[in-house]
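Below is one structure, written out as structure tokens; comments come after it.
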Amino acid sequence: MQHATQVRLTREILAHLDARTTAQAADIMYHATSAYDSPQRLQLEKQLLFRKYPLLMGLSGQLAGPGDYLTDSFSGIPIIVVRDGEGTVRAFLNVCRHRGARLVEGCGHAGRAFNCPYHGWSYSLQGKLMGIPDRKSFAGMDKDGRGLTELPATERDGLIWVIPDPGQDRTLDVDAFLGGMAPELASYGLANYHHHETRILRRKLNWKIVIDTFLEPYHFGVLHADTVGPIFVPNLCLFEAFGPHLRETLPRRTIEGLRGTPEAEWDLIPHSALVYVLFPNTVLVMQIDHVETWRIFPAADKVDECVMYLDFFIPEPAETESAKQHWDRNMELTIRTVNDEDFPIGEGIQAGFASKAQTEIVFGRNEPALAHFERSVNEAVAVGQ
Ligand code: FES
């Protein structure tokens, strides 16, 4: 983040602390509960948000060298993302062109080719069909036309993006997509971070409730009184929109220590958590010394279930036992706070929607990031109707 931006945000936070205020939305927002429990709404979200939008697939460090790959099928489309022999990140449907078997699972290193586990067809890292056992039995088949189906993909400033729809234009303009946020993300040097751990979590709540839980600190002093509540200033956040994306700034209590120090020396990062929503389904959190990404998907066709990847990235590989324990403790605090405190509340909310106790909920003016995210989903879905 540019230093001038850090100073501007820090000044705003200190002014809010003095005035006992927080960033405010223009109005209260009333939000229909059908956004969270309508099957028709979920189908629109799946068709539009999880097919047509660039989705974050990971950070560059997860594909460190040629042949490294990862797979992802939670969007409903089976995807391989691989770094080819020339260093370019490519994405393909994870579907063999013979009879459709899945080529690889999980993540790993493919060497120079993907070999189908069913009958042994092989594909180069650029998706070209290379080898066919008993070739003569396929004489006359257009071999060049049976390469892997490629998806629009790009790597930019340490972030890997894929559009899951093979019918989309091949060009993927991340700078335009990010609505002005790209230079700020670039400033973090995300390409230099190392992947520490991935957890896959499944919970019984709509995918958007997971994102909602990151988007206001109004609840910190109550729900998180014994975890992160003592670390952060409750009910104080800053909010800035970048098209449908957003940045929410959550100040740590230590920010008071910047008072009386020269602005030229101010560093906001150690005194905050910076929460970015990379619309539609990723929450990227810049913590003091590490980065978390939460990538959240609806589970199958269920309005009230979701599945998510929590990925933990660190500045240096954890090569000693003490370093590993340090990062494991960080991971556990994150899990304990969100999985053990936020998500049970979210599951209760989801069950409450099913009871039809109310048809709308309300976002206060002190929850501007939350209102922006839900309004952005409303608008994106309305465009597709
Ligand atoms: S399905 Fe892949 S080789 Fe037959």
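Numbering of ligands and ligand atoms starts at 1, following listing order.
- Note on atom 2 (Fe) of ligand 1: protein N, O or S atoms under 2.8 Å away count 2, no waters included.
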- Task: Run the numbers on W207 and F50 for ring pair (Phe, Tyr, Trp, His ring centres under 6.0 Å), then give the verdict.
- Result: CA-CA 12 Å; W207 67 277; F50 292 92; 5.0 Å; yes
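- Side-chain contact, H196 with D311: no donor N or O sits under 3.5 Å from an acceptor N or O.
- Side chains of E292 and T334: a donor on one and an acceptor on the other come within 3.5 Å.
- Note on residues 125-145: pairs passing ring-ring contact (aromatic ring centres under 6.0 Å, His included), not counting sequence neighbours, are H98-F138, W121-F138.
- F242 pairs by the ring pair (Phe, Tyr, Trp, His ring centres under 6.0 Å) definition with nothing, not counting sequence neighbours.
- Counting only residues at least two apart or on different chains, the salt bridge (Lys or Arg N to Asp or Glu O under 4.0 Å) pairs with a member in residues 77-96 are R83-E155, D84-R90, R90-E150.
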